[in-house]
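Beneath this line is the structure, given in structure tokens, with notes to follow.
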Amino acid sequence: MPVGIFRVCLVVLAAIVNHPLIFPRENGTVPENMEEIIQKMKEREETLRLEQLRLEQEIAEQEAIQKALEKSAEVVKESKEEKVRWDMWTALSMVIFLLIELWRQDFQEGIWQDTGGEEDDMAVLGRAFKGVAFPDKAALASFYEKRILGTTGDMARMREMVEGFADDLLEALRSVCNRDADMEVEDCMGVGSMYENWRVRKPFVCDLIVPFAPPEPYCFRSQTWCSGDSFPSAEQGYGTIKVCRAGEDVTGCICDKTKLGEDMLCLLHSQANTTRPSSEMEDLLCFKNTQYLDANQVMKWFQIAVTKAWNRISHKYEFDLSFSLLDSPGALKIKFRSGKSIAFNLTPVVQYENSDVYFISHFPRSSLAADLPSSTHWFLTFAVYERRFIQLVSKTLPANACHVSCLQILSFLHGKQCSLTGPSGLTNYHLKTVMLHLLQARPSQDWAPEKLEARLQDMLKFLEKCLHEKKLYHFFIGNGKVPAELGFPIIFQRAEPLNLFRPFVLHRDVYRKTVDTFHEMLRNMTALINEYTVHIPLAQTNGIHKESF
């Protein structure tokens with residue numbers, strides 16, 4: 001706008017200066033034809049007037065454009081401010097939602113890990129118990145005494161016999177193995193229900209684990225999902241075992257992780273040290289062309305070694321030994337000439353560092369062993385710590401505490417129901433995990449023998465809650481309240497809790513079958529207990545445990 005005004009003023013000033021009447025030339029003369037001059041001045045004036053109108057129109061147009069630009073800028077600014085406000089509210093809403101979700105999960109986990117409190121707190125969970133007649137204390141006590149208590153004597157005799165034979169078999173196995181090339185086998189350990197004195201269903205099966213180690217100069221390097229290594233969420237609870245030379249760096253050199261060119265040489269390792277023949281690693285039971293221990297290779301090696309060991313000592317025994325399952329490394333069965341048989345599992349394991357946590361190659365047939373990611377992935381077993389925890393807590397409980405009785409009754413009822421309606425997704429390990437959680441949560445005096453009925457109801461209601469939420473956390477993994485006396489590795493206490501019911505989220509048909517079986521067990525519970533209590537003559541109570549169920 002100032003430029004246009006300046007141009008108008010310049011034109012007017014030039015006209016005035018060049019006007020002949022205002023500034024006449026000194027030596028000039030007045031033109032003779034005045035009319036012609038006046039006419040030219042009028043034309044000039046008209047031209048200037050038109051130019052002025054044009055300039056004013058341009059100025060008006062520029063002002064209109066400037067106003068439109070300012071208005072559009074204000075609109076853009078307002079829209080940006082509105083968008084910023086909207087983004088701020090959106091972000092705030094997302095933060096509030098995430099906080100609520102985190103609080104909900106923490107609250108549920110807090111209830112899970114800290115399930116203690118008054119019995120009324122659990123009563124609200126028992127929706128499946130509506131209309132179910134629960135057996136009274138007298139019926140439960142009579143049932144336990146007549147149906148379950150008599151089995152403990154048989155278990156003790158069987159454990160003693162199996163342990164003695166297993167020690168002899170492993171000693172023979174060491175003698176047939178090449179000490180310079182084969183795996184070194186250690187002494188076996190008893191784990192599971194038979195050694196925790198709560199197994200009630202026949203056939204009785206002893207579970208023994210056998211730690212083994214590689215020959216010198218090799219050693220095992222273990223990697224777990226919670227040790228900082230990259231493991232997918234689906235592999236939670238698993239680990240891998242790498243076979244290395246003693247003194248070799250755990251992380252390894254970069255030449256072991258990248259492909260060097262033919263003209264490149266690692267200055268830390270010579271070619272002789274870094275290259276290992278594939279046959280050598282296969283002799284160490286590794287997966288083909290890798291350094292990772294292969295569970296299938298371990299199974300084949302162990303089965304061959306056990307067969308050789310039995311051939312060496314078979315003349316000393318008056319029974320036969322055979323493998324009852326070919327897809328398990330040491331599922332063995334002793335067959336007597338009388339026709340009776342005893343089954344037991346002798347499973348090779350690898351020790352995790354210097355703890356009593358073990359990598360186990362194969363679980364017995366159960367949901368825990370389902371869908372292994374690969375044969376180089378090993379599941380971790382905490383069976384030794386579970387047995388120690390039960391022994392430690394039992395020292396603080398009243399005499400004849402009812403925690404084992406509750407687990408035995410629950411295991412018997414579930415097994416009986418599965419024999420009627422077919423198998424479900426629940427296992428005895430799930431039932432034991434429920435007991436472990438409640439043992440940690442409830443005061444010692446709550447496990448007095450006269451409170452058997454109340455504690456059994458607690459276990460059933462707790463299990464119902466777990467099935468409803470599809471969440472049953474492993475007792476040790478992610479549990480920061482494990483007693484320090486156990487010496488449990490801190491790395492597993494700080495890990496994320498492991499949900500044992502995760503398969504139910506992925507397999508809805510199995511979940512539905514499991515829930516239906518559980519509800520059916522609740523409805524049949526009183527009838528089953530009364531049947532075994534009323535219809536079993538007292539004269540037969542000493543021999544009742546010899547029946548199969």
Side-chain angles (χ1 to χ4, degrees), residues 1-109 225 228-236 251-268 496 505-506:
M1 183 175 177
V3 176
I5 296 173
F6 175 75
R7 291 172 61 183
V8 173
C9 294
L10 185 63
V11 171
V12 173
L13 182 62
I16 294 174
V17 171
N18 294 320
H19 201 284
L21 295 179
I22 297 177
F23 299 99
R25 297 179 180 178
E26 294 181 356
N27 297 325
T29 58
V30 178
E32 298 178 355
N33 194 355
M34 293 296 294
E35 293 181 356
E36 184 180 353
I37 294 174
I38 293 171
Q39 182 63 29
K40 289 182 179 180
M41 291 179 62
K42 288 181 179 180
E43 292 176 357
R44 183 69 175 174
E45 183 179 1
E46 181 67 20
T47 303
L48 292 174
R49 188 181 67 80
L50 294 175
E51 182 69 18
Q52 182 179 3
L53 291 176
R54 187 182 65 78
L55 292 174
E56 290 178 352
Q57 186 176 2
E58 289 181 359
I59 292 172
E61 290 177 356
Q62 290 180 359
E63 290 179 350
I65 293 173
Q66 184 69 21
K67 290 181 180 180
L69 292 174
E70 291 177 356
K71 186 175 181 181
S72 62
E74 291 178 357
V75 172
V76 171
K77 184 178 180 180
E78 290 178 357
S79 63
K80 288 183 178 180
E81 292 177 353
E82 183 68 22
K83 184 178 180 181
V84 169
R85 287 196 296 269
W86 173 253
D87 292 342
M88 182 183 67
W89 280 110
T90 303
L92 184 61
S93 301
M94 289 296 297
V95 169
I96 294 174
F97 173 77
L98 290 174
L99 289 175
I100 293 175
E101 182 66 17
L102 289 174
W103 174 84
R104 184 184 66 82
Q105 293 182 359
D106 291 342
F107 180 72
Q108 288 181 350
E109 292 183 4
W225 84 100
D229 301 295
S230 57
F231 277 80
S233 58
E235 299 177 7
Q236 189 180 20
T251 57
C253 179
I254 190 173
C255 70
D256 204 22
K257 301 177 183 178
T258 59
K259 293 183 178 180
L260 301 177
E262 294 181 357
D263 56 344
M264 298 182 67
L265 178 67
C266 178
L267 299 179
L268 296 178
E496 289 294 325
V505 180
L506 305 176

Nearest-0.5 Å distance that lies between atom CD1 in I65 and atom NZ in K67: 12.5 Å
Measure the CG-CG distance between L50 and L55 for me, rounded to the nearest 0.5 Å. 11.0 Å
Mind checking the NZ-OG1 spacing from K42 to T47? Nearest 0.5 Å is all I need. 14.0 Å
With a 4.5 Å heavy-atom cut-off, do E45 and R49 have their side chains touching? no
Counterpart residues, side-chain contact (heavy atoms from CB on, under 4.5 Å), relative to E43 (two or more places apart): Q39
